[in-house]
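Data first, discussion second: the structure below is written as structure tokens.
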Amino acid sequence: MVFTFTVISDEVDDFVREIRIDGNATFQDLHKTILSTCGYPDDQMTSFFICSERWEKEQEITLEDMGNTNADEDSYVMRNTRLDELLEDEGQRLIYIFDPMAERCLFMELTQVEFSKNLKAPKITRKSGEAPKQLVDFDDAMKNMGGSMDLDENFYGSEDFSEDEFDPEGFEFTDGNPFED
């Protein structure tokens, strides 16, 4: 069986990748294909999430065994989990977290399943647009926003605030239980 995934980004409008991969391939094979087509190094703790139709995260597939001790939850590791173990229907959605510190991701949809075919190696059948940068440089992001992280006396409120305008009678303080009358 051959799966075709369409991969998009909410950060780069014209970024689209279409990946064809055998259903017997692992999530790690898919991970490496995404890294290759995006030009990302393999140095982040990435994850896949199988999602609902509304992109709500359901099942996580991690790059490394995270030592899940909760016996009620199944844990899946990319290198040990074949795609066809968890995926079967066209329209199935996934999120691929490529920047775990900033929770940045790519959105994926299983757009085609070909049952009577096999594929030896993954193929990129569509490639348009530049991939988003893998990691956010927070200094650059602050420059682009025109701001800085200087925390001065106005950080917590308006510079027009005057203590004379504060009405302490609007607050009631008690010495005991705040829920007692």
For the hydrophobic clusters of this structure (ILVMFWY residues joined by side-chain heavy atoms under 4.5 Å, transitively), does one cluster hold both Ile97 and Met108? no
Could you list the residues that satisfy side-chain hydrogen bond (donor to acceptor under 3.5 Å, both in side chains) with Glu56, not counting sequence neighbours? Ser52
What distance do Arg93 atom CZ and Arg54 atom CZ have between them, rounded to the nearest 0.5 Å? 11.0 Å
If hydrophobic clusters are built by linking Ile, Leu, Val, Met, Phe, Trp and Tyr wherever their side-chain heavy atoms come under 4.5 Å apart, do Leu83 and Ile124 end up in the same one? yes
Is it the case that one hydrophobic cluster holds both Leu110 and Tyr96, taking links as side-chain heavy atoms less than 4.5 Å apart, direct or via other members? yes
For Lys127, the side-chain hydrogen bond (donor to acceptor under 3.5 Å, both in side chains) test, sequence neighbours excluded, returns none
Among all residues two or more places apart in sequence or in another chain, which pass the side-chain hydrogen bond (donor to acceptor under 3.5 Å, both in side chains) test with Thr125? Glu18
Is there a path of hydrophobic side-chain contacts, each under 4.5 Å between heavy atoms of I, L, V, M, F, W or Y residues, that connects Ile21 with Leu63? yes
To check you understand the geometry: which heavy-atom pair defines the closest contact between Gln92 and Leu86, and what is its length? NE2-O, 3.4 Å
Starting from Val2, walk the hydrophobic network (Ile, Leu, Val, Met, Phe, Trp, Tyr; side-chain heavy atoms closer than 4.5 Å) and list everyone else you reach, by chain and number. Leu119
For the side chain to side chain contact (heavy atoms under 4.5 Å, CB included) test, which of Thr6, Thr111, Ile34 pairs with Ile19? Ile34
One should read off an interatomic distance between Phe49 CZ and Glu58 CD, to the nearest 0.5 angstrom, of 11.5 Å
Compare every heavy atom of Met1 with every heavy atom of Asp84, then report the nearest pair and how far apart it is. CB-CE, 4.4 Å
Quick one: side-chain hydrogen bond (donor to acceptor under 3.5 Å, both in side chains) partners of Asp29, sequence neighbours excluded? Thr26
Please determine whether residues Leu94 and Tyr76 belong to a single hydrophobic cluster, defined as Ile, Leu, Val, Met, Phe, Trp and Tyr linked transitively by side-chain heavy-atom distances below 4.5 Å. yes
Minimum heavy-atom distance Asp99-Gln134, with the two atoms named: CB-O, 3.2 Å
Could you grab the distance from atom CG of Asp13 to atom OG of Ser128, nearest 0.5 Å is fine? 11.0 Å
Excluding sequence neighbours, so at least two apart, what forms side-chain contact (heavy atoms from CB on, under 4.5 Å) with Thr62? Ser47, Glu60, Met66, Val77
If I take atom CG from residue Asp65 and atom CZ from residue Arg79, how far apart are they, to the nearest 0.5 angstrom? 7.0 Å
Heavy-atom count around Arg126 CZ within 6.0 Å, excluding the residue itself: above 12? no
Please name all residues satisfying side-chain contact (heavy atoms from CB on, under 4.5 Å) with Glu90, sequence neighbours left out, ordered by chain then number. Gln112, Val113
Any heavy-atom pair between the side chains of Asp42 and His31 that's under 4.5 Å? yes
Can you tell me which residue pairs pass the ring-ring contact (aromatic ring centres under 6.0 Å, His included) test with a partner in residues 99-123, sequence neighbours excluded? Trp55-Phe107
Nearest heavy-atom approach of Cys51 to Ile95 is SG-CG1, 3.4 Å
Does Ser116 have any side-chain contact (heavy atoms from CB on, under 4.5 Å) partners at least two apart in sequence or in another chain, and if so, which? none
Salt-bridge criterion met for Arg17 and Glu130 (N-O under 4.0 Å): no
CG of Asp89: more than 12 outside heavy atoms within 6.0 angstrom? yes
For Phe3, all residues meeting ring-ring contact (aromatic ring centres under 6.0 Å, His included), sequence neighbours excluded: none
When rounded to the nearest 0.5 angstrom, what is the spacing between CD in Gln59 and CD1 in Ile61? 6.0 Å
Partners of Pro132 by side-chain contact (heavy atoms from CB on, under 4.5 Å), sequence neighbours excluded? Ser9, Glu11, Val12, Phe15, Tyr40, Phe98, Arg104, Leu106
All salt bridge (Lys or Arg N to Asp or Glu O under 4.0 Å) counterparts of Glu53, not counting sequence neighbours: none
Please report the shortest heavy-atom distance between Phe48 and Phe27, naming the atom on each side. CE1-O, 3.5 Å
